[in-house]
Amino acid sequence: MLASPGAARSLRIAGVAALIALAALFPILFPNPTATNFGVVTLIFVAVTSAWNIFSGYSGYLSLGHAVFYGTGAYFLVVAARDWHLTGSAIFWLLPLGGLAAALIAVPVGLIALRVRRHTFVVITIAFFFIAQLSAGNLSVTGGSSGLLVPVPNNWDPATYNNPFYYVGLIIAVATVALAVAIRRSRYGLQLRAIRDDEDRAAGLGVRAMPVKLSALVLSAFITGMAGALWVYFIGQAVPQFVFDPLFDLAVVLMGFFGGLGTVAGPVLGALVLEPSQLWLNLQESNGYTSEILFGALFLVVILFLPRGVLPTAAEYITAGRARLLRRREQQQGAPGAQAPTPAAGSAP
Amino acid sequence: MGTEVTHAIADGILGGGVYALMAAGLTLIFGVLDIINVAQGIMVVLGAYLSYVLSVHLHLNVLTGLLITVPVMFVIGVAIHWLFIRPLRGSERTSMTLLACFAVALITEGILYWRFGSNYVSLHNSYSESSVHVLGFYLADIYLIGFGLAVAAIAALYLILYRTTFGRAVRATMQNQTAARLVGIDVTRVAAVTFGIGTAVTAVGGMVFGSINSFTPNSGYDLISRLLAIVILAGMGSIGGALVAAVLMTTAEALVDIWQPDWAVAVFYLAMVIILTVRPGGLFGRRAVRAQ
């Protein structure tokens, strides 16, 4: 039961490998287009929520404007594919460029928004979101409020149409989670979490807060932009109110909070549980408001009763349970050793 | 041309009064409770729908209707605070309450969609049809009534804050919660009533907003983004600043609207971004940005 640290580590590696293998086999096990469609969107959210968590979860600066980066990546792909006359799988090469476009946008956003403290920061990210939505609706390059169409591949086999999107999404998602692990274990990740706990003290101890925060935001924006580009290619059209959707921001934050803010596995769990349920609910009730009300109610429940997320709370229970087990075992072992198995020994602390 | 500009300025100032009132509720809640109530936008829409129901189904005059909608919105505000805000404590409280308010906004929007659908409605009343002739153009009565109501409500807020015992308790809570508690102020009650007052002003704001514009449950997003821009520009926590910022913003919007209608709303956010790069605390913000 109580494995040594080395055994626990190899167990964890085996678990992660099994999960990735399962994810890789998913389109073969469930070739149904609805299932793979859910899979693509869920993987996009795994990547985006993990990327959001690398910035917001680690640094404590909650961003409610990641849709800005998502939408920038999306519009970049649409416009570049149209102007450079790309079709088919060649369009996938635009994803890193879409990420780069989002990262470029993140620099001025961060330089302005990261000068203020946390609660004003949240509000400013919301304001940037509305600027982006408004610009997309009014600029000619984005096709205005009627939006643009993406040249979707029309010669792909309908039965396996979703698969290329699925595997590209899987690569982005796995790479993002690996990056989240690497950052969490690095000195850089420690600096980010020091900023979260007490920015003034961290700065006093020599953490250069602004470059650390800004680079985390830019990195997070890069991944979010790539995911947005993949999403828009998958959906096939870019309309301002869907590309810059306030519900997207909320969904990402809820998924992060649900699993556990600042942990690596939490956002992944949040996306894996919540995104498919929401997609399924939308399939059952297409009116829109049912999922909106349930979504808000779930959000309240998580904030009020599980403010630290499912995983940290569960980990606490497990640790407490283990400690209790250990104590009981020590008592049982201690009792024969003392050679006084009297009823009184059982009640000793 | 001259008339157009004067008209735009008059529109901006009168419309700014209503935004100032909604923003005053937002900034009051922030000042006392350190909470960014992002549900304020949808509360304005809820206030507008309440007025709509009263005028369509009970044929009440919209001004008489305020006697019902203001207390109702007050109770809703107190209930939101009691159920979802009060239980949240700890170091992450500001972020958590913001998300809780967002969740409340989402649920309210969903309920409004469920009850009223997604079609645009507007509050028809005699005040939006009749108008007065000033300086060579016509102004709908509702603009003047709305501005008057907003100024009266903001004046009432000031009187409550600076001339009553309760107001003194509110200001004490704003300055130092622990000290306020030590001198015997029931901080939780002050917080609940403040949240109620901050929400009650949306009943007035919603009535005027609904008479000037047509609205859907989706209108809350546009409102809250403008209100947040006003509050940030003013400096969070400053009611007088909110009045100045609101009038500045709506006047600028009305002026830009003459030449570039598509970009008029962008003025709000551009002004905010420019001010923030120069003064991160806002125009009238406290000099030291409050430490987390």
Side-chain angles (χ1 to χ4, degrees), chain A residues 56 60-62 64 108-109 111-113 115-124 126-135 137-139 144-145 196-200 241 246-247 249-250 253-254 257 261 287-305 307-308, chain B residues 30 34-36 38 83-84 87-100 102-115 117-118 217-218 221-222 224-226 228-229 231-232 236 260 262-263 265-266 268-270 272-274 276-277 280-282 285 289-292:
Chain A
S56 290
Y61 277 81
L62 286 189
L64 272 172
V109 168
L111 281 176
I112 294 169
R115 294 176 63 200
V116 297
R117 285 300 167 111
R118 262 152 238 200
H119 33 268
T120 323
F121 175 81
V122 186
V123 178
I124 293 172
I126 300 176
F128 272 113
F129 165 76
F130 283 105
I131 296 177
Q133 195 188 40
L134 201 71
S135 309
N138 287 331
L139 288 171
S145 53
R196 178 185 66 189
D197 291 340
D198 190 333
E199 185 162 348
D200 291 330
Q241 69 262 39
L247 279 181
D249 286 323
L250 268 188
V253 177
L254 174 59
F257 263 92
L261 201 65
N287 57 34
Y289 53 76
T290 312
S291 71
E292 208 172 8
I293 294 172
L294 284 176
F295 201 59
L298 177 64
F299 214 146
L300 280 177
V301 168
V302 170
I303 290 169
L304 289 174
F305 300 109
R308 303 195 314 106
Chain B
F30 175 79
D34 236 5
I35 287 170
I36 299 157
V38 284
L83 290 172
F84 308 124
L88 297 172
R89 296 212 170 84
S91 58
E92 297 295 323
R93 185 174 158 276
T94 306
S95 316
M96 299 307 259
T97 50
L98 189 144
L99 295 175
F102 226 134
V104 168
L106 213 57
I107 295 174
T108 314
E109 190 193 343
I111 292 173
L112 287 177
Y113 266 125
W114 171 45
R115 296 308 305 165
S118 54
N218 202 27
Y221 291 108
D222 182 51
I224 189 60
S225 54
R226 289 171 188 232
L228 289 175
V231 168
I232 292 178
M236 306 194 65
Q260 285 283 336
D262 287 343
W263 288 101
V265 193
F268 266 79
Y269 309 113
L270 275 182
M272 187 201 76
V273 167
I274 293 167
L276 277 176
T277 52
V289 179
R290 190 193 293 247
Q292 179 81 11

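First the proteins, then the strands, lettered A, B, ... as listed; each starts at 1.
- Here A/I131 is the residue among A/V122, A/L64, A/I131, A/D198 with the most heavy-atom pairs under 4.5 Å with chain B.
- The choice from A/A113, A/G60, A/G296, A/S135 that makes the most heavy-atom pairs within less than 4.5 Å of chain B is A/G296.
- Residue contact with chain B, scored on non-hydrogen atoms closer than 4.5 Å, is absent for A/L294.
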Report, one line per pair, each donor and acceptor closer than 3.5 Å where one atom sits in a side chain of residues 105-113 of chain B; sequence neighbours left out.
from   : atom 1 : to     : atom 2 : distance (Å)
B/T108 : OG1    : B/V104 : O      : 2.6
B/E109 : OE1    : B/Y221 : OH     : 2.8

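- Of the listed residues (B/T97, B/L88, B/D222, B/V231), the greatest number of heavy-atom pairs within a distance under 4.5 Å of chain A belongs to B/L88.
- Heavy atoms of B/M96 lying under 4.5 Å from chain A belong to its backbone as well as its side chain.
- With a 4.5 Å cut-off on non-hydrogen atoms, A/F129 does not touch chain B at all.
- Rounded to the nearest 0.5 Å, atoms CG (B/L83) and CG (A/L304) are 9.0 Å apart.
- Not counting sequence neighbours, A/F128 has no partner by the ring-ring contact (aromatic ring centres under 6.0 Å, His included) test.
- Neither the backbone nor the side chain of B/A229 comes within less than 4.5 Å of any heavy atom in chain A.
- Heavy atoms closer than 4.5 Å to chain A are found in the side chain of B/V38, but not in its backbone.
- With a threshold of 4.5 angstrom between heavy atoms, A/I126 approaches chain B through side-chain atoms but not through N, CA, C or O.
- For chain B, no part of A/S291 is nearby; none of its heavy atoms comes within less than 4.5 Å.
- Counting heavy-atom pairs closer than 4.5 Å to chain B, the top-ranked of the candidates A/V302, A/I124, A/L111 is A/I124.
- Annotation: maximal heavy-atom pairing with chain B below 4.5 Å, among A/T290, A/L254, A/L250, occurs at A/L250.
- For chain A, the option among B/L228, B/I232, B/L99 with the highest count of heavy-atom pairs below 4.5 Å is B/L99.
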Check against side-chain contact (heavy atoms from CB on, under 4.5 Å), A/F299 and B/F102: CA-CA 9 Å; A/F299 214 146; B/F102 226 134; 5.6 Å; no
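- Nearest heavy-atom pair, A/I303 versus B/A100, reported as atom, atom and distance to 0.1 Å: CD1-N, 3.6 Å.
- For chain B, the nearby parts of A/V123 are the backbone and the side chain; heavy atoms of each come within less than 4.5 Å.
- Interface remark: A/L300 contributes backbone and side-chain atoms alike to the contact with chain B (heavy atom separation under 4.5 Å).
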